[in-house]
Amino acid sequence: MPQLQRIVVAPQQIQGQQIRLNPEQIHYLLRVLRLKVGDRFVAMDGQGHSWLAILIETAASAPIRAEVLEPLISHTELPVMTTLVMALPRGTGFDEVVRQVTELGVSTIAPVISDRTLLHPGPQKLERWRRIAQEAAEQSERQMVPTILEPTPLVKYLKTSHTPALKYICITRQSAPHLLTCLHPLPVPPHPIQIAIGPEGGWTAGEIEQAIATGYQPVSLGSRILRAVTAPIVALSLVAALYETGDDRVVEN
Ligand code: SAH
């Protein structure tokens with residue numbers, strides 16, 4: 001299947017062949033993902049079900065809705081959209097991160113430039129990361145290739161990222177609950193997850209404060225300091241393990 005954008009919908013939004021999109025989802029599909037009427041996308045209920053859907057235009061009262069074309073059978077995708085927000089590490093470290101988190105099921109990778117980021121990549125880097133993601137998705141037999149966003153200053157990313165999600169910022173040397181404790185149990189329907197990882201020098205106090213102000217919860221990944229390139233692998237492995245062992249014992253929220 002070609003690379004299609006994905007959106008999470010609540011199970012009750014799917015009624016027969018119709019998907020009743022809410023205004024936020026319509027905004028996301030049309031303005032953020034820039035889809036047009038007639039474009040296809042994948043609707044997921046976050047519980048392991050997904051559908052190939054098409055955007056259609058209807059009466060003026062509800063001008064845009066979506067119709068299910070067919071259910072998709074996917075055994076290799078995480079049932080929850082997971083975004084890695086990562087301050088670019090030095091050198092070529094990010095290449096390996098892109099490869100490994102793609103294998104682990106990440107949906108979106110948002111490279112950010114933070115106060116202590118040393119790498120300021122040129123446009124050919126983004127192309128390279130997208131190629132690596134494509135290869136890793138194929139190699140790991142995924143149906144979807146993760147989206148890699150353009151590198152953006154952290155502050156700008158925080159201001160423009162309005163997608164409702166469970167947001168976590170991984171921090172060191174301060175007391176914070178473990179990511180696993182925060183993820184478990186998962187709410188129904190599972191919200192998209194965003195996990196932010198800092199550069200080699202860590203986040204500044206100001207960056208952590210700004211992230212908290214935009215809905216991020218500070219979390220720990222354990223008692224040891226991990227390298228910047230190790231931390232995302234640990235975080236993604238926790239998300240995948242929770243969902244894939246059926247150990248996500250869900251609760252109504
Ligand atoms: N130089 C910093 C460590 C930076 S590690 C220090 O000495 O404290 C790079 C990034 O990996 C951190 O910003 C954080 O996002 C993540 N990280 C590494 N180990 C972690 C841990 N045990 N818990 C949470 N995040 C961690």
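Side-chain atoms are counted along with the backbone in the values below, which use heavy atoms only and exclude waters and symmetry mates. Count residues from 1 along the sequence. As the structure lists them, so they are numbered: ligands from 1, and atoms in each ligand from 1.
- The list of side chain to side chain donor-acceptor pair (under 3.5 Å) pairs with a residue in residues 23-41, not counting sequence neighbours, reads Gln13-Gln25.
- Salt bridge present: Arg142 and Glu77 bring a charged side-chain N and a carboxylate O closer than 4.0 Å.
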Could you walk me through whether Tyr216 and Gln210 satisfy the side-chain hydrogen bond (donor to acceptor under 3.5 Å, both in side chains) test, starting with their C-alpha distance in whole Å, then the side-chain angles of each, then the deciding distance to 0.1 Å, before giving a yes or no? CA-CA 9 Å; Tyr216 282 78; Gln210 278 170 321; over 6 Å; no
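- Smallest separation of non-hydrogen atoms from Pro218 and Pro177: O-CD, 3.6 Å.
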List ligand 1's nitrogen or oxygen atoms that come under 3.5 Å of a protein nitrogen or oxygen, with the partner atom and distance.
unit_1   : atom_1 : unit_2 : atom_2 : d
ligand 1 : 1 (N)  : Glu200 : O      : 2.9
ligand 1 : 7 (O)  : Arg173 : NE     : 3.2
ligand 1 : 7 (O)  : Arg173 : NH2    : 2.8
ligand 1 : 8 (O)  : Thr172 : OG1    : 2.8
ligand 1 : 8 (O)  : Arg173 : NE     : 2.8
ligand 1 : 13 (O) : Gly198 : N      : 3.4
ligand 1 : 15 (O) : Cys170 : O      : 2.7
ligand 1 : 15 (O) : Gly198 : N      : 2.9
ligand 1 : 19 (N) : Leu226 : N      : 2.9
ligand 1 : 22 (N) : Gly222 : O      : 3.1
ligand 1 : 22 (N) : Arg224 : O      : 2.7
ligand 1 : 23 (N) : Ile171 : O      : 3.4
ligand 1 : 23 (N) : Leu221 : N      : 2.8

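- The side chain to side chain donor-acceptor pair (under 3.5 Å) analysis of residues 84-95, with sequence neighbours excluded, yields the pairs Asp95-Arg128, Asp95-Trp129.
- Partners of Tyr168 under the ring-ring contact (aromatic ring centres under 6.0 Å, His included) rule, at least two apart in sequence or in another chain, do not exist in this structure.
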